[in-house]
Amino acid sequence: MPNERSSSTTPARTAVAALGLGPMGRALARALLAAGHPVTVWNRTPGRDTEPLALGARPAASAAEAVAGATLVLLCVRDQPAARAVLEAAGTALRGRTVVNATSIAPEDARANATDAGTRGFRLLDAAVLTPTPTIGRPEGTVLLSGDAEAFAAHEATLRALGTVRYVGADPGRAAAFDAALLDLFWTTVHGYLHALALARAEGISGAEFAPYAQGLPRLLPPLIDRFAQRADERRHPGDHSSLASAEAGLAHVAHTARARGLDTSVLDAALAVTRRAVGAGHGPDGVSALVELLAGRP
């Protein structure tokens with residue numbers, strides 16, 4: 001079994017196998033090479049290893065060959081089926097090693113992978129990369145890891161080459177759950193902004209005119225994020241700042257304005273329907289954060 005050193009000691013250079021060389025896979029390999037770790041690379045589609053090879057990585061003809069000389073295996077491919085296919089291709093070469101799976105997958109898939117890893121004799125950490133490729137290897141790069149605690153302790157020093165790494169718990173699916181929830185916030189926010197730009201355009205307001213005012217909204221969010229998080233944890237939703245009844249009126253106003261200009265209002269209509277359901281159930285005086293209970297399936 002390959003030796004795994006604790007992060008409490010000065011880390012030796014760790015031999016790493018990087019499986020998957022898409023944009024994120026290449027960024028991860030590049031950060032490890034920059035930190036001085038020997039990296040062997042392999043990709044299912046040939047021709048993507050030019051950059052890491054130029055930086056000093058070693059090529060491998062197969063996943064099993066790449067893994068054979070490594071202590072730590074970093075897997076970053078398109079999706080769960082691709083991840084499982086690569087793990088199967090690596091076969092028994094994985095035994096005794098630690099795999100960090102940086103593929104974007106669902107929490108239940110991460111848990112299934114961990115069960116499979118235990119059966120096949122290797123350790124597994126699930127990784128959620130929360131920031132884009134230019135941040136990897138820098139402090140602003142953020143990677144959450146969950147799963148085997150001993151594996152994280154053994155490889156934490158090496159993984160810090162990727163940026164700011166945080167261990168979020170022994171449940172293998174926890175990093176993926178953080179990832180999904182944060183992507184939920186990101187994409188609904190992006191959709192909201194794009195819809196706002198469409199509405200502004202329909203009323204003769206250019207994006208350049210609108211953007212400075214939109215920039216003011218993110219500055220309002222930090223206290224709101226903390227306040228709603230506390231209320232969600234406490235399951236207490238006072239309407240002292242804003243109520244669901246007022247939110248219903250505001251959403252209805254926006255949806256009406258957008259619909260009058262022929263815009264697609266399907267997402268707004270869905271948000272309005274959920275809010276109206278809460279108000280109809282008697283929660284009009286409650287705070288807007290009370291929607292978390294309805295969305296979670298709790299009356």
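If you read the sequence from its start, that first residue is 1, and numbering goes on from there.
Taking 4.5 Å as the limit, every side-chain heavy atom of Leu124 sits out of range of all side-chain heavy atoms of Pro172. In this structure, the side chains of Arg138 and Thr164 stay at 4.5 Å or more apart for every pair of heavy atoms. Looking at Ile105 and Asp79, their side chains never come closer than 4.5 Å, going by heavy atoms from C-beta outward. Between Thr115 and Arg111 the shortest side-chain heavy-atom distance does not fall below 4.5 Å. Counting only heavy atoms from C-beta outward, the side chains of Leu75 and Val100 never approach each other to under 4.5 Å. Between Thr71 and Arg97 the shortest side-chain heavy-atom distance does not fall below 4.5 Å. Considering only heavy atoms from C-beta on, Arg123 stays 4.5 Å or farther from Val99 through its side chain. Using a 4.5 Å cut-off on side-chain heavy atoms (C-beta onward), Leu145 and Val143 make contact.
Taking 4.0 Å as the cut-off between side-chain N and carboxylate O, Arg236 and Glu293 do not count as a salt-bridged pair. Classification of Asp109 and Arg84 as a salt-bridged pair fails, no side-chain N sitting under 4.0 Å from a carboxylate O. A salt bridge links Arg231 with Asp240: at least one charged nitrogen is closer than 4.0 Å to a carboxylate oxygen. Looking at Arg259 and Asp269, a side-chain N of the basic residue comes within less than 4.0 Å of a carboxylate O on the acidic one, giving a salt bridge.
Between the CG atom in Leu185 and the CG atom in Leu221 there is a gap of 8.5 Å [rounded to 0.5 Å]. The CE atom of Met24 lies 5.5 Å from the OG1 atom of Thr133; values are rounded to the nearest 0.5 Å. In this structure, OG on Ser104 lies 7.0 Å from CG on Leu183, to the nearest 0.5 angstrom. For the atom pair Thr103 OG1 and Leu74 CG, the distance stands at 9.0 Å (nearest 0.5 Å). How far CD1 of Ile136 is from OG1 of Thr142: 8.0 Å, rounded to the nearest 0.5 Å. Summarising the geometry, atom CZ belonging to Arg166 is positioned 7.5 Å from atom CG belonging to Leu144; distances are rounded to the nearest 0.5 Å.
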Practice task
Go through the steps to decide whether Leu199 and Thr257 satisfy the test side-chain contact (heavy atoms from CB on, under 4.5 Å), and finish with yes or no.
Solution key: CA-CA 8 Å; Leu199 177 54; Thr257 303; 4.0 Å; yes
Exercise for the section: Please test Leu194 against Leu197 for side-chain contact (heavy atoms from CB on, under 4.5 Å), starting from the C-alpha separation and ending with a verdict. Expected result: CA-CA 5 Å; Leu194 295 176; Leu197 285 171; 4.2 Å; yes
Exercise for the section: Decide side-chain contact (heavy atoms from CB on, under 4.5 Å) for Thr92 and Arg120; before the verdict, give the C-alpha distance in whole Å, the side-chain angles of both, and the deciding distance to 0.1 Å. Expected result: CA-CA 8 Å; Thr92 58; Arg120 295 174 56 186; over 6 Å; no
Practice task
Determine, step by step, whether His241 and Arg227 satisfy the side-chain contact (heavy atoms from CB on, under 4.5 Å) criterion, reporting the C-alpha distance in whole Å, the side-chain angles of both residues, the deciding distance to 0.1 Å, and the verdict.
Solution key: CA-CA 11 Å; His241 288 89; Arg227 183 162 64 246; 4.0 Å; yes
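Annotation for Ala64 and Ala90: closest pair CB-O, 3.7 Å, computed over non-hydrogen atoms. In this structure, Val288 and Ala247 approach most closely via the heavy-atom pair CG2-CB, 4.0 Å. Cys76 and Ala102 get closest at one heavy-atom pair: SG-O, 3.9 Å. Nearest approach of Leu263 to Ala202, heavy atoms of both residues: CD1-CB, 3.9 Å. In terms of heavy atoms, Val39 sits closest to Ala18 at CG1-CB, 4.0 Å. When all heavy atoms are compared, the tightest approach of Ala258 to Leu268 is CB-CD1, 4.4 Å.
Taken together through direct or relayed side-chain contacts under 4.5 Å among Ile, Leu, Val, Met, Phe, Trp and Tyr, Val86 and Val129 form parts of separate hydrophobic clusters. Under the 4.5 Å side-chain contact rule for hydrophobic residues, Leu182 and Val168 share a cluster. In the hydrophobic cluster analysis, where Ile, Leu, Val, Met, Phe, Trp and Tyr join through side-chain heavy atoms closer than 4.5 angstrom, Leu33 is grouped together with Leu28.
Under the side-chain contact (heavy atoms from CB on, under 4.5 Å) rule, Leu19 has a single partner from Val41, Leu87, Val67, which is Val67.
Between the side chain of His283 and the backbone N or O of Ala278, no donor-acceptor pair lies under 3.5 Å. Side-chain atoms of Arg174 do not come within 3.5 Å of backbone N or O of Pro107 as any donor-acceptor pair. With hydrogens and angles disregarded, a donor-acceptor distance shorter than 3.5 Å links the side chain of Asp148 to the backbone of Ala151. Of the possible polar contacts, none joining the Ser243 side chain to the Pro285 backbone as a donor-acceptor pair under 3.5 Å is found.
Under the rule for a side-chain hydrogen bond (donor to acceptor under 3.5 Å, both in side chains), Glu65 has no partner lying at least two apart in sequence or in another chain.
Within the structure, the salt bridge (Lys or Arg N to Asp or Glu O under 4.0 Å) test picks out the following pairs touching residues 191-218 (sequence neighbours left out): Glu203-Arg261. Contacts classified as ring-ring contact (aromatic ring centres under 6.0 Å, His included) and involving residues 159-210 (residues at least two apart or in different chains) are given here: Phe152-Tyr167.
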